[in-house]
Enquirer: 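Have a look at this one.
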Number of protein chains: 2
Amino acid sequence: MSQLTRRQQEIYAYLRDHADDFDHPPTHDELCRALGLASRGSLHKHVQALISAGLVEPMARGQRGIRLAASPVEPEAGIPFLGRIAAGRPIEAVPQPEYMQVPDELLGSKPCYVLQVCGDSMIEDGILDGDRVVIEQCDRADNGDIVVALVDGEAATLKRIEQTPGQVILHPANASMTAQRYLPDQVQIQGVLKGLLRKYP
Amino acid sequence: MSQLTRRQQEIYAYLRDHADDFDHPPTHDELCRALGLASRGSLHKHVQALISAGLVEPMARGQRGIRLAASPVEPEAGIPFLGRIAAGRPIEAVPQPEYMQVPDELLGSKPCYVLQVCGDSMIEDGILDGDRVVIEQCDRADNGDIVVALVDGEAATLKRIEQTPGQVILHPANASMTAQRYLPDQVQIQGVLKGLLRKYP
DNA sequence: ACACAAAGAGAACCAAGGGAGAACATAGCA
DNA sequence: TGCTATGTTCTCCCTTGGTTCTCTTTGTGT
């Protein structure tokens, strides 16, 4: 898991320990006063770091107040197995996530989850039907990364990404399929591939 | 590695014994104060010596705080990583096995070990150069299993096996290679493939 | 006495952490 | 429609911490 800086740890500890002192989730201003900060902007930077570490709930549109993430990541619990991903269908979620033990080396610095691959669209990159992939939550990627991308808000797919100013191309690794081109607005990156696990019978 | 000087041993002992006193890894300045030093530069020299002795984690880019090198995973907690296997060469053993954390699901019922694959001979089965494979120790296999086979007592290779009464065929999964045929006596099975781990950068 | 290694002080440099504050965006409200 | 509270983004700046020097002191072996 990513290393929090000292200040970030202090702020998280404060939120955790004083959650009950507030009858509503504290705003940036209130937190600033409590922590002795004079600038909302400074606090905001730290809160963003806590969000990307998965310790604080991301701000929903129009949401007020900073609240802790419902289920802080338990190191001992492992990585959540969320469901299956097939090219072009929404992620098929398992009703209640199981937690898997995954080698640390396969994890990124941000929170991660595991999906099971369904289909052969990445077979030429050695990703087979039934493999489990470790995905690091992330909303941007470098060209050439393999990503979980949500297209038009509903169809999730695992593909190699190529981003140009005008369009986003999702490349399968399967000669019988063709690359898909979209407008940047249509494609939302949900994570990048960090590791792969395969079980042989 | 070179012998530690007396002061270096003292500093290492201090780090080891007081690791729990700090909620963050101590900085050079903090350590200086704790050790009665007035200069970061002096301490830095000692810490560098400890790093090159492998007792302290090397500083990653931008990392802050001095932390002890992670103690290797205890044998009972992981699977030994024994070395690299390339088609047709003996297994290249690492001098001293590291132990890796491997998901239980990838293990068999018998003792297992991990090898790193070297080469593309199984690429069409989705086993790429650099992948790590989990091998269950075993001296026999079913036809179609992928096995670690020792040929003529020296050349180890990872291939799909086909056993007939008169001969043993080792099939690569690479169109540019051909299957190898041997007498049953020439081939000794050293384990069967149970799992695969791949790390993406 | 001399050479040498270990150890420390301190200065200088650079990158990352952290904070201040302005400016902007958006929601809720009078 | 403005006003206020709040979240967001930005730039500027200072501080902190790791690194690299040089110089000095001290202890030890020949």
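Proteins come first, then strands; the chains are lettered A, B, ... in the order of their sequence lines, and each starts at number 1.
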Enquirer: Compare side-chain N and O positions of B:Q48 against OP1 and OP2 of D:dT19 and report whether any pair is under 4.0 Å apart.
Expert: yes
Enquirer: Is any side-chain nitrogen or oxygen of B:H28 closer than 4.0 Å to OP1 or OP2 of D:dG18?
Expert: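 So the side chain of B:H28 is within the cut-off, an N or O lying under 4.0 Å from OP1 or OP2 of D:dG18.
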Enquirer: Taking CD1 from A:I66 and P from D:dT6, how many angstroms apart are they, rounded to a whole number?
Expert: 11 Å
Enquirer: Please report the distance, rounded to the nearest Å, between CG in A:L43 and P in C:dG19.
Expert: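 The distance from CG of A:L43 to P of C:dG19 comes to 9 Å, rounded to the nearest Å.
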Enquirer: Tell me if the side-chain of B:S39 makes a donor-acceptor pair with the base of C:dG10, cut-off 3.5 Å, by modelled atom types.
Expert: yes
Enquirer: Considering only side-chain heavy atoms of B:H44, which listed nucleotide, D:dG18, D:dG7, C:dG8, is closest?
Expert: D:dG18
Enquirer: Once you round it to whole Å, what is the distance between C1' of D:dT19 and CE of B:M59?
Expert: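 The answer, rounded to whole Å, is 10 Å.
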Enquirer: Between the side chains of B:E105 and A:K199, is the shortest nitrogen-to-carboxylate-oxygen separation below 4.0 Å, so that they form an ion pair?
Expert: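 A salt bridge is absent here (no side-chain N lies under 4.0 Å from a carboxylate O).
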Enquirer: Check this for me: does the side-chain of B:S42 come within 3.5 Å of the base of C:dA7 through a donor and an acceptor?
Expert: no
Enquirer: Please determine whether a side-chain nitrogen or oxygen atom of B:H46 lies at a distance below 4.0 Å from atom OP1 or OP2 of C:dG8.
Expert: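 True: B:H46 side-chain N/O within range (under 4.0 Å) of C:dG8 OP1/OP2.
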Enquirer: On DNA chain C, nearest-nucleotide positions of A:K45 versus B:L37: which is more 5'?
Expert: B:L37
Enquirer: Less than 3.5 Å between a donor and an acceptor, one on the side chain of B:T5 and one on the base of C:dA6, is that the case here?
Expert: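 A donor-acceptor contact between them is absent.
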Enquirer: How many whole angstroms separate atom CZ of A:R67 from atom P of D:dT6?
Expert: 14 Å
Enquirer: Rounding to an integer number of Å, can you tell me how far A:R6 CZ sits from D:dT15 C1'?
Expert: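 Answer to the nearest Å: 14 Å.
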Enquirer: Kindly point out which of C:dG8, C:dA7, C:dG19 is positioned nearest to the side chain of B:Q8?
Expert: C:dA7
Enquirer: Send over the distance from B:L31 CG to D:dG18 C1', rounded to a whole Å.
Expert: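 These atoms are roughly 13 Å apart.
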Enquirer: Is any N or O donor-acceptor pair between the side chain of B:R64 and the base of C:dA16 shorter than 3.5 Å?
Expert: yes
Enquirer: Checking side-chain contact (heavy atoms from CB on, under 4.5 Å) against A:Y200, which of B:L196, B:V133, B:V134, B:V192 comes through?
Expert: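 So the option named by the test is B:L196.
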Enquirer: Do NZ/NE/NH1/NH2 and the carboxylate oxygens of A:R132 and A:E98 come within less than 4.0 Å?
Expert: no
Enquirer: One thing to verify: whether A:E30 and A:R33 come together as a salt bridge, which I'm taking to mean a side-chain N less than 4.0 angstrom from a carboxylate O.
Expert: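 Result for this pair is no, no salt bridge flagged.
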Enquirer: Between B:D29 (CG) and C:dA11 (P), how many Å, whole number?
Expert: 14 Å
Enquirer: On DNA chain C, nearest-nucleotide positions of B:A38 versus A:A38: which is more 5'?
Expert: B:A38
Enquirer: For the pair made of CZ in A:R33 and P in C:dG19, what is the distance, rounded to whole Å?
Expert: 17 Å
Enquirer: Test for a donor-acceptor pair under 3.5 Å between the base of D:dG18 and the side chain of B:R40, counting only N and O atoms.
Expert: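 Counting by modelled atom types and ignoring angles, a donor-acceptor contact under 3.5 Å is found here.
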Enquirer: With no hydrogens and no angle check, just 3.5 Å: does a side-chain donor-acceptor pair link B:N143 and B:E162?
Expert: no
